[in-house]
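Below: one structure, written as structure tokens.
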Amino acid sequence: MKYRVCLCVALLATVHAQSVDVVLPGLTVYSPRVANQAPVATFAMPVSALRFEPLVDIQARNFAESQADVTIRGGIFENSGFKLGASTLFDPQTGHYFAEIPIAPVMLTAPRILTGTANAADATNATVGTIAYGWRPVRAAGMAAVGVGQYDLLEGEFYQGYVSDAPVAGRTLGADVAWAHSDSNGSVPFGDHVLNRVNARVQLAGKDSQTDLFVGYQEKFFGWPNLYTPFNSNESENLHTLLVAFNHRADLGGGDFVEVSAYHRRNVDDYEFDRTSTAHPFHHTTWVDDAAFEGRRDLGAATLNFRGEMLADELHSNALTFGPYHTRTLAKFSLVPEKSWPLEDGAKLEVKAGATYDDSNRTSGEVAPVFEIAHERAGAALERVYVSYAETSQLPTYTALDSSPSSGLFRGNPNLGRETSRNIEIGAKGAAAGWSGQAAVFYRRDDDLVDWTFQQGVVARTANAVNIATTGFELLARRSWQACDFVLGYTCLTKDADYRSTMVDASFYALNYARQRVTAALIVRLTPELTLRMDNEARVQAANLLRTVGGDRAIISSLGLAYRPARLRRMEVAVQADNLWNSDFQEIPAVPA
């Protein structure tokens with residue numbers, strides 16, 4: 001178990017967050033589906049609100065904010081993506097760095113989890129699911145926080161927003177800045193970290209539009225024994241991530257909109273298998289330039305949903321030198337018309353039918369269908385029922401393509417090609433007896449999915465293609481009472497894999513999944529001044545011979561108690577503890593908990 005104590009002070013006024021007027025630090029409500037908005041081990045990052053998210057599974061090394069593999073619906077860390085505005089955030093070297101997003105969560109909207117047809121039509125190079133963020137409006141408000149905890153943890157955060165009283169071209173000019181720092185000796189020897197992040201943003205906002213220009217930089221050093229390999233080595237990562245982003249969104253009324261995004265991202269990675277070495281054998285720098293647009297437009301006879309995106313990436317590396325190429329362009333376009341017909345009793349039938357097109361200068365393109373039919377009735381207990389089918393595809397990352405196929409710790413495969421996925425599902429959404437929720441049953445077939453596998457007697461992991469079928473059920477339910485809020489999530493998965501090779505004894509990722517997973521978030525308002533927050537996860541993991549300790553079952557909980565004095569409503573003191581039951585479950589096989 002680890003804990004921290006945090007003091008948070010509002011600098012200015014009341015703000016509007018999560019559709020409820022609150023006094024800061026309510027500004028730091030990053031997700032309505034988890035109880036504790038801030039982590040214990042460091043300051044909050046976009047990935048922080050996903051650890052106990054019912055529809056997302058985080059597999060962390062050290063702690064989630066140091067390095068997190070993000071999976072959705074039993075996928076792996078490289079077929080679950082992130083989206084910012086209209087653009088897909090992407091790291092071409094490895095999916096381990098997809099969550100390296102140097103943005104203070106206070107600047108972002110709560111995440112939306114895109115799966116099925118939404119993921120197929122609205123994201124690029126992510127075959128299973130996407131976590132989508134928007135830009136939150138700037139408010140004339142601020143916050144400062146300092147936290148201390150076990151293992152000599154010291155962390156601090158600062159945020160300040162400014163909104164001009166003088167209009168600029170009929171719009172409101174706003175700006176905000178954020179800073180964060182964290183350092184600790186770590187919960188195990190050689191598990192230390194030093195993290196820093198700085199952000200600045202300028203925003204022009206009107207009644208129906210918002211334009212954002214952002215620059216963010218993040219430095220992360222962290223260590224962990226067996227960080228990526230099972231050879232009892234004290235490993236470390238040193239990451240430097242720069243992001244410059246532009247976004248413009250215009251709401252056209254009636255649900256119609258258009259959004260244009262662009263970004264430049266640079267990620268520098270210095271991985272050390274032995275952190276005491278001065279050789280630096282794994283040093284990589286990647287660049288991504290992206291431009292994207294998307295929108296919805298009602299044409300009367302039908303409504304068009306459209307999207308387009310172009311990404312160009314580049315890799316410089318002293319280790320990933322064996323593959324066929326080190327630069328690449330990716331493109332995706334989608335056009336999905338939809339039409340609805342009124343039915344009796346105020347219900348309607350809605351049909352979406354369209355296609356997407358993925359292409360690259362390194363491989364042939366692919367056209368994929370997107371289809372969904374839904375029955376909707378506003379105000380009914382069963383508000384929406386749908387059936388959908390979608391196909392998606394993506395290309396492998398450079399670590400899989402360009403690592404040496406015959407030597408080293410991570411062995412690649414230059415012959416890996418386009419991965420494809422087919423997803424069919426039935427789902428429903430509704431509300432009854434004070435509860436609201438959603439559920440889905442799905443079947444997904446992934447062909448040529450790139451996994452990292454292990455063979456006994458070989459001191460390396462190898463990139464291998466696998467055909468794998470996943471059947472799943474997911475449920476999300478929530479209810480609020482006067483004194484408490486409760487969010488429940490449940491996921492059940494089964495998999496059938498064909499590696500087409502006898503050279504596989506275990507899988508680090510594709511077969512590392514929870515067969516059963518339950519999440520429960522509870523917020524209890526004990527008094528007007530005292531709030532109890534608790535996140536819980538219980539899981540039954542698929543067996544894996546690489547998992548050396550902790551077994552295949554785990555219960556993990558995070559508990560927080562926040563006090564906000566009646567006479568000082570802009571100040572909050574919080575005590576928070578993580579891993580209450582001292583679980584040693586290995587979220588990633590062979591990586592210590």
Side-chain angles (χ1 to χ4, degrees), residues 1 31-37 39-40 47-60 63-64 68-76 80 110-111 113 115 128-129 131 425-442 444 470-481 484-495 511-524 532-544 547 550-560 576-589 593:
M1 181 176 74
S31 172
R33 296 205 286 239
V34 297
N36 289 296
Q37 300 295 312
V40 170
V47 74
S48 301
L50 301 175
R51 186 174 169 217
F52 292 98
E53 161 64 46
L55 303 180
V56 175
D57 194 4
I58 298 292
Q59 300 166 359
F63 50 92
D69 292 346
V70 181
T71 70
I72 299 172
R73 288 187 168 183
I76 72 165
S80 300
I113 314 303
T115 56
V128 175
I131 299 149
E425 67 180 273
I426 301 172
K429 177 182 178 182
W435 290 86
S436 62
Q438 63 187 62
V441 178
F442 62 89
R444 186 179 70 251
T470 304
T471 304
F473 169 74
E474 61 186 16
L475 171 70
L476 173 64
R478 67 177 301 151
R479 184 171 180 179
S480 294
W481 294 268
C484 67
D485 304 318
F486 181 66
V487 182
L488 175 69
Y490 172 71
T491 301
C492 174
L493 298 169
T494 62
K495 290 193 175 187
L511 299 184
N512 179 43
Y513 66 98
R515 293 190 289 113
Q516 310 264 353
R517 179 174 180 256
V518 177
T519 61
L522 179 67
I523 300 174
V524 181
L532 177 74
R533 299 175 177 269
M534 189 174 190
D535 287 298
N536 304 274
E537 176 191 68
R539 62 193 303 134
V540 179
Q541 198 80 358
N544 193 309
R547 185 169 284 106
D552 298 324
R553 298 170 182 263
I555 298 177
I556 301 171
S557 299
S558 178
L559 180 68
Q576 190 172 331
D578 199 12
N579 196 12
L580 286 179
W581 321 120
N582 210 24
S583 170
D584 59 357
F585 171 72
Q586 295 178 347
E587 297 180 10
I588 298 172

Query raised in the report: What are the two closest heavy atoms between Glu425 and Ala440, and how far apart are they?
Result: OE1-CB, 3.8 Å

Report task. List the atom of Ala64, the atom of Val47, and the distance in Å for their closest heavy-atom pair. Result -> O-CG1, 3.8 Å

Compile the donor-acceptor pairs under 3.5 Å between side chains in residues 485-495 and protein atoms, sequence neighbours left out, one pair per line.
| from | atom 1 | to | atom 2 | distance (Å) |
| --- | --- | --- | --- | --- |
| Asp485 | OD1 | Ser480 | OG | 2.9 |
| Asp485 | OD1 | Arg525 | NH2 | 3.4 |
| Asp485 | OD2 | Arg525 | NH1 | 3.0 |
| Tyr490 | OH | Gln516 | OE1 | 2.2 |
| Lys495 | NZ | Gly74 | O | 2.4 |
| Lys495 | NZ | Ala510 | O | 2.6 |

Query raised in the report: Do Ile555 and Phe585 come within less than 4.5 Å of each other through their side chains, counting heavy atoms only?
Result: no

Report summary line: So OG of Ser48 and CG of Asn36: to nearest 0.5 Å the spacing works out to 11.0 Å

Query - Exercise: identify the closest heavy-atom pair between Leu476 and Pro54 - result: CD1-CG, 3.5 Å

Report task. For residues Thr519 and Glu53, determine if any side-chain heavy atom of one lies less than 4.5 Å from a side-chain heavy atom of the other. Result -> no

Query - Close side-chain approach of Ile556 to Arg51, heavy-atom, < 4.5 Å - result: yes

**Report entry** Exam field: side chain Gln37 to backbone Ser31, donor-acceptor pair closer than 3.5 Å
**Finding:** yes

Query raised in the report: Is the shortest heavy-atom distance from the side chain of Arg515 to the side chain of Asp552 under 4.5 Å?
Result: no

Query raised in the report: Ignoring hydrogens and geometry, is there a side-chain-to-backbone donor-acceptor pair from Arg533 to Ala35 under 3.5 Å?
Result: yes

**Report entry** Nearest-0.5 Å distance that lies between atom CG in Leu580 and atom OG in Ser558
**Finding:** 7.0 Å

Query raised in the report: Donor-acceptor pair, Glu587 side chain versus Ala60 backbone, under 3.5 Å?
Result: yes

Requested in this report: Please check if the side chain of Arg547 supplies one atom and the backbone of Asn512 the other of a donor-acceptor pair under 3.5 Å.
Outcome: no

Query - Ile76 vs Val128 side-chain heavy atoms within contact, under 4.5 Å - result: no

Query raised in the report: What are the two closest heavy atoms between Arg444 and Gly75, and how far apart are they?
Result: NH2-N, 3.8 Å

Requested in this report: Report yes if the side chains of Leu55 and Arg33 come closer than 4.5 Å at any heavy-atom pair, otherwise no.
Outcome: yes

Query raised in the report: Would a 4.5 Å heavy-atom cut-off, applied to side chains only, mark Ile113 and Ile131 as touching?
Result: yes

Query raised in the report: Do any N or O atoms from the side chain of Asn536 and from the backbone of Ala520 form a donor-acceptor pair under 3.5 angstrom?
Result: yes

Report summary line: Gln438 meets the side-chain hydrogen bond (donor to acceptor under 3.5 Å, both in side chains) criterion, sequence neighbours left out, with none

Query raised in the report: To the nearest 0.5 Å, how far apart are CD1 in Ile72 and OG1 in Thr115?
Result: 7.5 Å

Requested in this report: Ignoring hydrogens and angles, tell me if any N or O in the side chain of Thr71 forms a donor-acceptor pair with the backbone of Asp57 under 3.5 Å.
Outcome: yes

Requested in this report: Taking the side chain as every heavy atom from C-beta outward, state whether Phe63 and Pro39 have any atom pair closer than 4.5 Å.
Outcome: no

